[in-house]
Amino acid sequence: MSYAVVTCRWVILFTFAIAAVGKLRSRRSFEEFTGTLPGWMGRSLSATRRRSLAAGLVSVEAVIVVLTVFDRTAAIGLALATGALLAFTATMANALRSGRKIRCDCFGAGAGEVTGVHLVRNGILLAVAIAGLTGGVPAATSPMPFLFALVIAAVITRADDLRHLFGRPAATG
């Protein structure tokens with residue numbers, strides 16, 4: 001039973017939980033997330049389609065959380081997380097490559113324009129999900145992997161805030 005494998009599982013669980021809750025914490029948060037989807041898709045969408053797509057994406061995040069929390073279904077949750085992260089990362093990369101300016105409301109915080117930092121973040125999450133899958137998904141017997149995973153998930157989900165906090169200040173005047 002590897003602490004690293006358990007930590008991978010819980011990083012994915014916490015990250016997707018933060019993402020889903022961030023989008024659902026208020027009507028305004030959900031609407032802001034919904035408003036970013038035409039940019040991500042690279043085309044206009046009707047209001048009904050935007051809301052349906054947004055609800056579907058948040059549902060996938062919630063399903064990943066539920067599947068990953070239980071020992072018997074954790075591998076399915078990690079596999080679904082891997083697929084979702086591949087899709088999100090490919091969409092981001094495509095938007096960046098085509099020069100589209102898109103906003104990241106991944107965690108419901110309106111973090112600003114997507115940059116290479118977001119691709120790195122998703123790459124790290126992909127590596128974590130795959131490591132959890134390939135190492136098996138044992139049950140945890142110590143609280144340490146949970147605490148460590150919570151810290152990692154907090155850093156990952158607040159990467160934009162940390163980038164602004166520790167990045168170069170904007171030029172003035």
Side-chain angles (χ1 to χ4, degrees), residues 2 4-41 45-95 102-111 114 118-119 121-140 143 145-160:
S2 161
V5 170
V6 174
T7 300
C8 290
R9 172 182 170 185
W10 289 95
V11 165
I12 295 301
L13 185 147
F14 289 142
T15 301
F16 277 89
I18 292 166
V21 169
K23 293 175 188 104
L24 296 175
R25 73 175 178 263
S26 70
R27 183 179 202 94
R28 182 173 181 228
S29 295
F30 185 75
E31 290 302 322
E32 285 177 4
F33 168 66
T34 301
T36 66
L37 294 177
W40 283 83
M41 301 305 295
L45 299 168
S46 70
T48 301
R49 285 191 180 194
R50 278 195 315 268
R51 279 191 296 279
S52 295
L53 180 58
L57 290 171
V58 173
S59 296
V60 167
E61 292 170 344
V63 167
I64 288 168
V65 170
V66 171
L67 289 172
T68 307
V69 79
F70 297 106
D71 292 338
R72 288 188 167 178
T73 57
I76 298 167
L78 289 168
L80 183 57
T82 300
L85 287 163
L86 284 170
F88 297 158
T89 305
T91 303
M92 274 184 199
N94 184 41
I102 57 175
R103 262 189 26 229
C104 175
D105 276 351
C106 303
F107 301 105
V114 169
H118 296 87
L119 292 176
R121 177 199 65 205
N122 279 16
I124 291 167
L125 286 170
L126 267 167
V128 167
I130 292 168
L133 269 173
T134 58
V137 189
F146 303 106
L147 298 174
F148 190 56
L150 186 57
V151 170
I152 293 169
V155 169
I156 287 171
T157 59
R158 303 310 328 155
D160 285 320

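Note that these values count all heavy atoms, side chains included, but never hydrogens, waters or copies made by symmetry.
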Checklist line | Shortest non-hydrogen separation from A84 to V60 and the atoms involved | finding: CB-CG1, 4.4 Å

Notebook entry, point to check: Which residues pass the side chain to side chain contact (heavy atoms under 4.5 Å, CB included) test with V69, sequence neighbours left out?
Noted result: W10, L13

Check: Between L119 and A93, what is the shortest heavy-atom contact and its length?
Finding: CD2-N, 3.8 Å

Item checked: Side chains of L125 and V11 in contact at under 4.5 Å (non-hydrogen atoms) -> yes

Check: From T73 OG1 over to I64 CD1, what is the distance, rounded to the nearest 0.5 angstrom?
Finding: 12.0 Å

Next item on the list: Can you measure from CZ (R121) to OG1 (T89) and round to the nearest 0.5 angstrom?
Entry: 8.5 Å

Notebook entry, point to check: Is the closest side-chain heavy-atom distance between F16 and L85 below 4.5 Å?
Noted result: yes

Note to self: I need the full list of salt bridge (charged side-chain N to carboxylate O under 4.0 Å, His left out) pairs touching residues 55-65, with sequence neighbours left out, sorted by first then second residue.
What the structure shows: K23-E61

Note to self: One pair to check against side-chain contact (heavy atoms from CB on, under 4.5 Å): T68 and L80. What are the steps and the verdict?
What the structure shows: CA-CA 9 Å; T68 307; L80 183 57; over 6 Å; no

Margin query: Once side-chain hydrogen bond (donor to acceptor under 3.5 Å, both in side chains) is applied, what residue pairs with a partner in residues 74-86 remain, sequence neighbours excluded?
Written below: none

Notebook entry, point to check: Under the side chain to side chain donor-acceptor pair (under 3.5 Å) test, which residues partner S26, sequence neighbours left out?
Noted result: S29

Item checked: For R27, all residues meeting side chain to side chain donor-acceptor pair (under 3.5 Å), sequence neighbours excluded -> none

Check: Can you name the residues that form a salt bridge (Lys or Arg N to Asp or Glu O under 4.0 Å) with R72, not counting sequence neighbours?
Finding: none

Check: Closest approach of A54 and T34, non-hydrogen atoms and distance?
Finding: CB-OG1, 3.3 Å

Margin query: Using every non-hydrogen atom in the two residues, find where L67 and G77 come nearest and quote the distance to one decimal.
Written below: CB-CA, 3.6 Å

